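None of the values given here were measured: they were computed from a predicted structure. Here, residue 1 is the first one in the sequence, and each next residue gets the next number. Reckoned from all heavy atoms, side chains included, excluding hydrogens, waters and symmetry mates.
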Amino acid sequence: MTRRLKPQPWMTHPATRAVIAALTAAGGEGCAMFVGGCVRDGLLGRQVIDIDIATTLAPEAVTRALESAAIRAIPTGIEHGTVTAATQGRTLEITTLRRDLETDGRRAVVKFTDDWAADAARRDFRMNALYADESGTVFDPTGSGVKDIDSGAVVFVGDPATRIAEDALRILRFFRFVAWYGRGAPNAKALRACEAARETVSDLSAERVAKELLKLLAADDPREAVRLMAMTGVLGEVLPQADGLKRFEALIAIETEQLFTCDPLLRLGALLHDDDGSARAAATHLRLSNADRDRLIGALGGLKVVSWMSPREVRRAIWREGAQALRDQVMLSWAASHRPAATTQWRALLPMIDSWPRPTFPITGDDVQAAGVPAGPLVGRILREVETWWIDHDFTDDRLAAIERLKAVAQGMAY
């Protein structure tokens, strides 16, 4: 039975129709079809973000066809047959059908073709080797892509070892797809191939690995996929700083039970050891952004919180750590506590953190000098002393009282 995509906004949007019409005008009916993730997610009823189109037209012909229709053509990957169409505020990626001539695990030398089955044979998973025409009729060259979507089976196209040899990133993609789409027992042949080739992951760029890992951790429940990564030794290759799964799994259980939005970076932190050295090493290994590195350091290298913190202690912690770092520390400590009875206490800390705006210290160096203290190291010492008093007085907003304290401290330090 032929499967059809139900009409969906991404298919009927004027930008999509304009691009398909331009390609069809140049190559005839059937020269262009939707491919890969948009077809897969469309069949699953999930949100489609990226629209990919496969075509029998050569890249140069694609460019001419788009420009003839007043659509901007961007040569984003022309050597591999990819042109991006930009129109009406949207972008669609168009790739000429191709077959691999040479691969080294990271990049491929390709030859363009008009053979849809040959194009499908070089793709990673059968559920990604699906095409659909403008009307929504699905073309399944492997004969098993639609079945895999229905059953939740993540199966490589052809021989898993061959597909992985073409691009080692497919090892991580396999586990990501298990996390996002898998149901039931994982494909044993795929697992064996991933385990056998796990060391090839080290040949990939850190940026590609980090992107794939964070996508995996963004799945609703990636616990089984990460267990499989650990079992096959892939997790150790990807994240040598991983310290076990117990806290990671507990964090996801908390997110699920409490209906919290999943947080991939915090989940990454839950896999690491509790110290800033582990955070720095993981951030360097994965070449994370400075912002992500600093967040991991704050979460893992800061204060060790407890569920019975008072509102005053929470405010002090926010002043020292920052609200984001303290929130992360609460979530990780909650996950590590193994005390279900304390759930209400842990949960109560979060609104305290979110509702208290971190104040500005009301005294500056100018105030110290206005009190008669000359510029120099003494100014900093006095500021720190007054700040300690201010914190002890629960961040009083009485600036006059703070000025009086400053004067007293300055007078005391002058002798």
Side-chain angles (χ1 to χ4, degrees), residues 206-207 210 241 263 265-266 268-269 272-334 348-415:
E207 292 84 357
Q241 302 79 17
D263 188 332
L265 194 66
L266 186 61
L268 174 62
L272 304 175
H273 187 66
D274 259 333
D275 60 66
D276 58 2
S278 175
R280 289 180 190 277
T284 300
H285 180 72
L286 295 172
R287 293 186 190 170
L288 298 180
S289 68
N290 290 342
D292 286 349
R293 176 203 63 203
D294 291 345
R295 185 178 170 199
L296 281 181
I297 291 171
L300 295 167
L303 182 73
K304 299 302 179 283
V305 301
V306 292
S307 63
W308 54 88
M309 292 175 73
S310 69
R312 184 169 181 169
E313 289 172 324
V314 168
R315 290 190 287 272
R316 288 188 176 203
I318 292 174
W319 178 256
R320 290 194 302 269
E321 306 286 321
Q324 180 66 70
L326 182 59
R327 199 179 206 285
D328 289 345
Q329 291 161 12
V330 166
M331 291 299 296
L332 293 180
S333 296
W334 184 357
L349 292 177
L350 300 178
M352 288 191 218
I353 297 169
D354 296 338
S355 64
W356 190 65
R358 190 174 187 267
T360 300
F361 183 43
I363 302 300
T364 67
D366 290 342
D367 295 318
V368 179
Q369 292 185 61
V373 179
L378 187 58
V379 171
R381 287 174 56 198
I382 291 171
L383 282 174
R384 288 191 293 273
E385 184 71 23
V386 177
E387 182 187 31
T388 299
W389 169 89
W390 179 66
I391 294 170
D392 287 342
H393 285 72
D394 204 18
F395 308 96
T396 177
D397 59 1
D398 187 343
R399 175 172 159 77
L400 290 178
I403 291 290
E404 289 303 313
R405 180 64 183 178
L406 183 160
K407 291 177 180 177
V409 172
Q411 186 177 13
M413 286 190 176
Y415 302 100

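- Between Trp390 and Ile363, the closest side-chain pair of non-hydrogen atoms is not below 4.5 Å.
- Between Ile382 and Glu385 there is no side-chain heavy-atom pair separated by less than 4.5 Å.
- Residues Arg384 and Thr388 fail the side-chain proximity criterion, which asks for heavy atoms closer than 4.5 Å.
- When all heavy atoms of Met352 and Pro311 are compared, the closest pair comes out as SD-CA, 3.7 Å.
- Counting non-hydrogen atoms of other residues, nucleotides and ligands closer than 6.0 Å to CZ of Arg287 gives a total of 12 or fewer.
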Practice task
Under the side-chain contact (heavy atoms from CB on, under 4.5 Å) rule, what do Leu300 and Asp276 come out as? Steps first, then yes or no, please.
Solution key: CA-CA 6 Å; Leu300 295 167; Asp276 58 2; over 6 Å; no
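- For the pair Arg280 and Asp275, the salt-bridge criterion is not met [side-chain N within less than 4.0 Å of a carboxylate O].
- Separation of atoms CD (Gln324) and CG (Asp294) is listed at 12.0 Å; rounding is to 0.5 Å.
- The CD atom of Gln241 sits 10.5 Å away from the CG atom of Leu296 when rounded to the nearest 0.5 Å.
- No side-chain heavy atom of Thr284 sits under 4.5 Å from any side-chain heavy atom of Arg293.
- The CZ atom of Arg327 sits 11.5 Å away from atom CG of Leu332, with the distance rounded to the nearest 0.5 Å.
- Summarising the geometry of Gly365 relative to Val379, their closest heavy-atom pair is CA-CG1, 4.0 Å, with the distance given to 0.1 Å.
- Here the closest non-hydrogen pair linking Ala402 and Trp389 is CA-CZ3, 3.7 Å.
- Heavy-atom minimum distance, Leu406 versus Val386: CA-CG2, 3.7 Å.
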Practice task
List the steps, then state whether side-chain contact (heavy atoms from CB on, under 4.5 Å) holds for Trp356 with Val314.
Solution key: CA-CA 9 Å; Trp356 190 65; Val314 168; over 6 Å; no
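- Between Leu326 and Ala317, the closest heavy-atom pair is CD2-CB, 3.7 Å.
- For the pair Met413 and Arg381, the minimum side-chain heavy-atom distance is below 4.5 Å.
- Taking the side chain as every heavy atom from C-beta outward, Lys304 and Gln329 never approach each other to under 4.5 Å.
- To the nearest 0.5 Å, atoms CG (Leu350) and OG (Ser355) are separated by 10.5 Å.
- In this structure, Asp367 pairs ionically with Arg399, as a charged nitrogen and a carboxylate oxygen lie closer than 4.0 Å.
- Put simply, the side chain of Leu349 does not reach to within 4.5 Å of the side chain of Val305, judged on heavy atoms.
- Of all non-hydrogen atoms in Asp263 and Arg295, the two that sit nearest each other are OD2-NH2, 2.6 Å.
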Exercise for the section: Verify salt bridge (charged side-chain N to carboxylate O under 4.0 Å, His left out) between Arg316 and Glu313, making sure each step is shown before the conclusion. Expected result: CA-CA 5 Å; Arg316 288 188 176 203; Glu313 289 172 324; over 6 Å; no
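- Using cut-offs of 30° and 60° on the angle between ring planes, the pair Trp319 and Phe395 is tilted.
- Atom CD of Glu387 is separated from atom CZ of Arg405 by 13.5 Å, given to the nearest 0.5 angstrom.
- Note: Leu268 CG to Leu288 CG = 6.5 Å, rounded to the nearest 0.5 Å.
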